[in-house]
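Given the structure is predicted, the values throughout are model-derived calculations rather than measurements. Chain letters run A, B, ... following the sequence lines, proteins first, then strands; residues in each count from 1.
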Amino acid sequence: MRNISILEGINRALVDAMEADESVLILGEDVADPEDGGVLGVTKGLSTRFGEHRVRSTPIAEQAIVGAAIGVSLGGYKPVAEIMLMNFTTVAMDMIVNHAAKLRFMSGGQTNVPIVIRTMTGSGFANGGQHSDYLEAWFAHTAGIKVVAPSNPSDAYGLLRSAIDDPDPVIFIENLPTYFAKGEAPESGHRVPIGKANIVREGNDVTIVAYARMVQEATAAVEALAARGVSAELIDLRSIAPWDREAVLASVQKTGRAIVVHEAVTPFGTGSEISAVIHENLFHALKAPVQRLGAAFCPVPFSRPLEAAFAPDAAAIEAAAASLLA
Amino acid sequence: MRNISILEGINRALVDAMEADESVLILGEDVADPEDGGVLGVTKGLSTRFGEHRVRSTPIAEQAIVGAAIGVSLGGYKPVAEIMLMNFTTVAMDMIVNHAAKLRFMSGGQTNVPIVIRTMTGSGFANGGQHSDYLEAWFAHTAGIKVVAPSNPSDAYGLLRSAIDDPDPVIFIENLPTYFAKGEAPESGHRVPIGKANIVREGNDVTIVAYARMVQEATAAVEALAARGVSAELIDLRSIAPWDREAVLASVQKTGRAIVVHEAVTPFGTGSEISAVIHENLFHALKAPVQRLGAAFCPVPFSRPLEAAFAPDAAAIEAAAASLLA
Amino acid sequence: MTNRTKPGTTTLVGIYRRMALIKANDERSRKVIMTGRLVMPYYSPRGQEVIPSAISANLNDSDYICTIYRGTHDMLAKGVPLKDLWAELAGRVTGTCKGKGGPMHITHPKSGVMVTTGIVGSSMPIANGLAWSSQLKGDGRVTIAYFGDGASNIGAFHEALNLASVWKLPVVFVCQNNEWGEHTAYEKATSAARIADRAASYSMPGIRIDGNDVLETYAAAHDAIGRARAGDGPTLIEAMTFRFHGHIFGDADAYMSPERKAAAMAADPVPRFRAWLIEHGHAGEADLAAMEAEIDAEIDEAIDYALASDFPDIAELSRDVFAVEAA
Amino acid sequence: MTNRTKPGTTTLVGIYRRMALIKANDERSRKVIMTGRLVMPYYSPRGQEVIPSAISANLNDSDYICTIYRGTHDMLAKGVPLKDLWAELAGRVTGTCKGKGGPMHITHPKSGVMVTTGIVGSSMPIANGLAWSSQLKGDGRVTIAYFGDGASNIGAFHEALNLASVWKLPVVFVCQNNEWGEHTAYEKATSAARIADRAASYSMPGIRIDGNDVLETYAAAHDAIGRARAGDGPTLIEAMTFRFHGHIFGDADAYMSPERKAAAMAADPVPRFRAWLIEHGHAGEADLAAMEAEIDAEIDEAIDYALASDFPDIAELSRDVFAVEAA
Ligand SMILES: Cc1ncc(C[n+]2csc(CCOP(=O)(O)OP(=O)(O)O)c2C)c(N)n1
Ligand SMILES: Cc1ncc(C[n+]2csc(CCOP(=O)(O)OP(=O)(O)O)c2C)c(N)n1
Ligand SMILES: [Mg+2]
Ligand SMILES: [Mg+2]
């Protein structure tokens with residue numbers, strides 16, 4: 001099967017979803033073709049193919065974007081709203097958290113908000129403190145919203161199709177530095193169920209839980225560990241809310257050791273939740289405390305050596321695993 | 001010493017801080033006396049005493065409020081901005097998270113943002129889904145910002161004075177249902193250091209970590225447990241970011257058991273962080289896994305019986321402790 | 001006023017019925033809270049009856065509204081049934097939202113009440129989306145976004161009006177200018193002399209009307225709704241009115257000038273329009289008295305129904321969070 | 001233009017020096033990135049030189065500015081030293097922000113550059129606060145908030161202009177209308193024919209000027225800054241200009257009409273003003289050539305200095321997060 005990039009996987013998922021269902025819409029800054037189909041071309045070709053009534057470029061106004069997505073979904077559509085970078089969700093938090101996440105509950109189930117919010121982030125491109133944050137823990141802490149973060153083209157395709165199918169709001173997190181990472185192309189129509197992790201590699205000594213770009217770092221770490229005779233099991237979480245407790249707990253039951261890796265800062269991050277749940281459920285099976293590996297507790301720095309040291313990398317993951325097994 | 005309410009404690013802290021330091025300012029919706037000193041009168045008397053140039057009512061525009069606070073602090077002042085309810089921080093997240101929290105770091109230490117954001121929340125007043133959320137975990141997950149949540153008048157006074165003294169931004173969380181709860185009046189000038197917990201009650205069998213209104217519920221639970229012969233240690237965290245690891249770890253080292261209680265929803269809440277850190281540090285000392293007690297994973301419901309069942313109460317805390325000791 | 005925008009007797013009496021219902025319902029609400037029969041935050045719309053009553057006379061059931069915490073009048077005028085409404089206020093499972101939303105979040109799609117929000121400014125961006133759905137479907141529906149004068153200073157207002165104009169959406173933005181945002185007077189918060197003037201920022205028609213005048217409000221709504229239905233885009237209507245009571249039940253209004261308030265109450269639009277109807281031969285005193293008695297009875301019945309209904313089961317906490325209940 | 005607002009030779013030449021510096025610095029920036037000597041996101045201000053150059057001629061060192069990711073021109077015009085700037089762009093410890101902020105977050109209080117932001121719209125609410133501090137102190141300082149045309153559609157713009165007007169703050173809002181917000185054309189995003197017209201929503205003077213015309217820009221800034229200093233409140237200036245290059249370095253501009261772009265570049269304001277200065281006897285060709293050579297040398301020196309400087313220590317990750325470094 002031919003290889004495609006994550007960016008292409010996303011583009012195809014949008015094309016196929018729009019083709020399959022007339023109610024699927026796209027809105028966001030620069031998303032239509034007169035605007036180049038997005039600053040990085042993720043939505044390229046869509047407005048030409050499906051019309052600018054279904055693929056609409058918007059003003060720079062994230063509250064208006066998410067509000068329009070919510071409203072049009074109440075009117076029966078399935079909009080995919082793009083918030084260019086995850087840090088820009090900060091100007092739309094009211095719409096996302098107080099409205100999109102809550103309308104189903106507050107209406108007693110009468111209305112629902114089947115929207116997808118695609119957003120992108122990640123350190124490594126020298127974009128500095130206001131363009132690179134991972135904020136998934138905020139949304140995961142919000143009842144009524146789902147959060148996914150694929151690490152390869154096929155999952156990107158399959159999770160986005162599932163997110164669009166989903167009757168509830170989903171935050172779909174893309175990673176800038178791996179947009180052009182290649183991988184196996186999915187079959188058209190492929191779905192990755194939300195809430196289902198992927199066991200990337202089986203192993204017996206330690207479980208490594210990661211998602212998004214950290215899966216690449218963890219993969220390298222797992223290979224290095226294998227060379228050292230350590231058999232690590234790598235779980236690509238893919239969905240953060242809800243996350244696949246069964247898969248993680250089954251793995252740690254087997255290995256007795258776990259490391260959770262993410263690019264967000266460590267304190268109060270998703271690693272804390274996963275660590276707490278593992279400890280609660282496998283108190284006696286654990287051979288060592290769960291380790292959390294997240295970014296340094298600071299804003300994302302600009303300077304190259306600082307940025308390089310900011311998020312966990314393969315070496316840090318390998319070292320953490322080695323220390324757990326020591 | 002005479003008793004005062006939490007609301008009075010806050011009011012006094014503001015009066016004393018403004019009296020002591022001309023650079024202390026107040027801004028927010030309805031905060032000045034022509035507007036009644038706030039809808040609940042928390043800032044009553046201040047504009048009359050210190051002038052409307054120092055105590056300014058604002059338009060309903062939380063981005064403008066926090067932005068003005070940031071800017072005036074860059075100009076050398078120490079503003080205390082009121083965001084009436086914690087859910088309304090959602091319209092000002094950019095200003096709080098991308099700017100207030102980051103300017104010191106991004107400027108390489110040249111500028112700092114010594115602001116306090118006072119905000120109020122809490123279930124129990126039938127305010128429904130958009131007025132009662134505890135969102136402290138979001139801010140605690142943000143490098144560059146501190147978070148405190150007092151549970152009594154003296155701590156409210158002392159923490160607010162410390163927050164105003166602090167050279168960095170502090171979110172000061174008030175609780176609506178306990179505004180009129182009485183307690184010992186602090187001495188004028190009293191400070192509660194940020195990051196320092198309060199051991200409300202010493203005990204040997206189990207550690208209960210709580211903050212804000214949950215301290216009242218936990219206090220009742222501790223009394224009920226004492227009646228059953230269980231000696232519980234109650235820690236009022238007071239500061240959530242940074243939180244007092246030393247105090248919590250020392251206590252759990254002694255008791256071997258811990259429960260963390262908060263009113264925010266459990267998943268990805270502050271309880272997860274505290275649980276993870278306890279497990280990491282006291283893996284061998286723990287007799288049972290740390291228990292997390294938070295609100296039901298849903299928006300705050302309106303209907304009285306639902307709202308009553310939403311957040312943890314004394315009975316739930318007591319039951320959790322009993323189950324840990326079983 | 002052109003003939004086209006002059007309502008006939010049935011319409012006028014229908015508007016009055018809405019107004020009388022809102023007024024009676026408000027009076028009962030305050031009494032029910034005062035006597036402790038119900039506990040809820042209550043934002044009285046008393047004094048603002050004309051606006052949604054005259055607007056709704058131009059709307060179909062299938063048209064949408066998005067309103068705010070204060071919007072009981074907007075909901076009743078749009079047709080939310082009293083029983084469902086009261087059961088929600090009482091937090092009962094028979095309520096519009098099974099008791100889970102409460103007064104600030106009444107939702108009743110059958111009567112077109114799609115969103116009620118407690119966040120200042122947030123009705124507008126969502127209204128745009130509903131209007132966009134109508135534009136896509138070509139279903140001819142119009143969406144009304146209700147909001148207050150204070151809300152015209154928040155970012156969402158600006159973003160929403162700009163988008164609505166650029167996309168030419170079938171939405172009408174109705175600012176109920178009651179001169180106060182909580183305890184803060186209009187002038188202290190709002191830099192525009194008239195909110196209607198802000199429409200120019202969006203190349204959108206903007207009109208300030210006497211929102212306590214039925215004919216003027218009806219005509220402005222008729223024009224704006226007609227424009228929206230015809231595909232000619234959004235309108236901003238600033239309807240001047242006055243809030244008779246405190247911001248929220250329990251607020252003693254110390255910040256208001258007693259004279260101004262007394263004058264506004266003396267000009268109460270409800271009895272005024274009632275008298276006008278009789279004077280102009282649209283209705284007789286006896287007809288209206290009978291209508292009012294009927295309304296009172298309906299409210300009684302609704303409250304009884306509400307208070308006799310069950311509370312929702314605690315299991316409701318985990319329902320409606322997502323489509324599929326978490327295990 | 002009154003005599004009062006007509007700049008003299010020194011001022012005019014000073015404005016040109018700023019413009020020439022910005023242009024040369026931009027050209028070097030693009031070359032340095034192209035040749036791989038530096039890696040950074042770069043938002044070229046080429047074509048927009050006049051605006052901050054003419055404005056800064058009306059400012060003191062102690063006046064404040066808040067600017068945006070594109071604002072290298074605003075910073076240079078306000079006086080950020082080249083070495084400190086380049087060292088920051090290179091991520092070195094000798095940079096304005098020890099390399100921690102980078103191009104989008106240049107801060108240099110000594111020259112009044114208080115905030116540089118990457119979030120559209122956010123320069124304005126913070127500028128208000130700085131202006132409030134001046135109002136409180138009575139220090140006569142003025143704050144300039146720079147932003148783009150696209151930013152005039154976001155909520156923060158609206159909230160900030162309203163507050164500034166209600167509080168009569170000494171702030172000037174300068175919209176650099178370069179006709180594009182990223183890849184989106186002005187008309188597709190903005191419902192007002194002129195952004196300056198939006199000032200009416202805030203009872204604030206609003207003026208659209210040719211931002212590529214030095215004398216017009218100088219005069220408008222002079223008036224607005226004078227009003228602010230005198231305590232007469234804020235002004236909105238919409239300065240028309242054009243962005244010569246893509247939104248960000250690497251953007252090929254496919255969305256732009258090549259003719260429009262060619263026309264704008266043909267009307268390059270920098271050589272145009274240079275010729276005007278000579279023509280009107282304010283400077284000789286040789287003087288300006290010498291000045292330009294001097295600028296080139298300064299830039300060379302700054303780049304060399306930057307690239308020879310050390311990177312910050314990894315320990316910087318835990319510094320400047322809070323006043324006191326966490327253990
Ligand atoms: C974003 C936000 N900020 C503050 C509040 C608190 N609040 C509730 S109502 C209100 C006043 C709104 O005034 P206006 O828009 O004039 O509407 P009115 O209440 O007069 O109908 C305020 C400040 C809120 N609900 N949301
Ligand atoms: C809140 C927010 N949304 C989106 C972006 C992405 N973005 C960066 S620059 C830009 C265009 C801004 O256009 P304009 O205000 O006209 O300024 P210009 O770049 O033309 O100088 C956009 C959309 C952002 N930085 N912040
Ligand atoms: Mg009002
Ligand atoms: Mg622009």
Side-chain angles (χ1 to χ4, degrees), chain A residues 22-23 25 27 51-54 56-77 79 81 91-92 94-95 97-115 142-146 166-170 194-195 241-242 245, chain C residues 64 66 88 93 95-102 104-110 114-119 121-137 139 141 143 154-156 158-164 166-167 169 171 312 316-324 326:
Chain A
E22 283 219 329
S23 71
L25 308 172
L27 71 163
E52 278 199 66
H53 61 296
R54 286 183 67 194
R56 301 201 78 151
S57 289
T58 65
I60 307 168
E62 283 79 5
Q63 295 190 67
I65 293 170
V66 181
I70 294 171
V72 85
S73 84
L74 296 176
Y77 288 86
V91 292
D94 167 53
M95 282 293 142
V97 165
N98 288 328
H99 295 89
K102 292 178 178 170
L103 288 183
R104 181 191 284 278
F105 186 88
M106 296 196 309
S107 73
Q110 294 176 98
T111 54
N112 65 315
V113 181
I115 69 173
T142 304
I145 200 151
K146 300 180 181 181
D166 202 278
D168 288 304
V170 181
I194 293 178
R245 287 170 170 243
Chain C
Y64 295 130
C66 294
E88 187 63 26
V93 72
T96 50
C97 311
K98 300 194 221 161
K100 296 164 93 167
M104 281 198 256
H105 306 300
I106 304 291
T107 308
H108 193 257
K110 260 176 265 157
M114 298 305 287
V115 174
T116 299
T117 175
I119 308 291
S122 61
S123 60
M124 295 172 267
I126 301 178
N128 277 345
L130 286 159
W132 183 24
S133 79
S134 296
Q135 187 184 62
L136 284 163
K137 292 179 203 161
D139 64 10
R141 284 181 182 179
T143 301
I154 203 163
H158 181 67
E159 294 192 13
L161 269 71
N162 183 59
L163 187 80
V166 172
W167 288 11
L169 296 174
V171 56
E316 284 295 335
L317 285 175
S318 55
R319 292 192 197 125
D320 305 321
V321 179
F322 294 105
V324 178

Could you look at Arg319(C) and say if it's the side chain, the backbone, both or neither that has a heavy atom under 4.5 Å from chain A? backbone
Checking the side chain of Gln63(A) only, and the main-chain atoms of Ala92(A) only, is there a donor and an acceptor separated by less than 3.5 Å? no
Given that the side chain runs from C-beta out, which part of His99(A) has a heavy atom under 4.5 Å from chain C: side chain, backbone, both or neither? side chain
Counting only non-hydrogen atoms closer than 4.5 Å, does Glu316(C) touch chain A with its backbone (N, CA, C, O), its side chain (CB onward), both, or neither? backbone
If one checks every heavy atom of Ala69(A) against chain C at 4.5 Å, the contacting part turns out to be neither
Test item: Lys146(A) and Pro242(A) side chains (from C-beta on) under 4.5 Å apart, heavy atoms: yes
Chain C contact via Lys102(A) - side chain, backbone, both or neither, heavy atoms under 4.5 Å: neither
Could you look at Ser57(A) and say if it's the side chain, the backbone, both or neither that has a heavy atom under 4.5 Å from chain C? backbone
Thr117(C) and Ser122(C) side chains, donor-acceptor separation under 3.5 Å: yes
Of the listed residues (Leu163(C), Leu136(C), Val93(C)), which shares the most heavy-atom pairs with chain A below a 4.5 Å separation? Leu136(C)
Return yes when atom NZ of Lys137(C) has more than 12 non-hydrogen atoms of other residues, nucleotides or ligands closer than 6.0 Å, and no otherwise. yes
With a 4.5 angstrom heavy-atom cut-off, is it the side chain or the backbone of Thr111(A) that approaches chain C, or both, or neither? side chain
Got a donor-acceptor contact below 3.5 angstrom from the Glu88(C) side chain to the Ile106(C) backbone? no
Residue part contacting chain C, namely of Asn112(A), when any heavy atom lies under 4.5 Å: neither
Option from Ile65(A), Val72(A), Val113(A), Val66(A) for which side-chain contact (heavy atoms from CB on, under 4.5 Å) with Pro79(A) holds: Val72(A)
Among Ile60(A), Ile145(A), Leu103(A), who wins on heavy-atom pairs under 4.5 Å with chain C? Ile145(A)
Between CH2 on residue Trp167(C) and CZ on residue Arg56(A), distance to nearest 0.5 Å: 5.0 Å
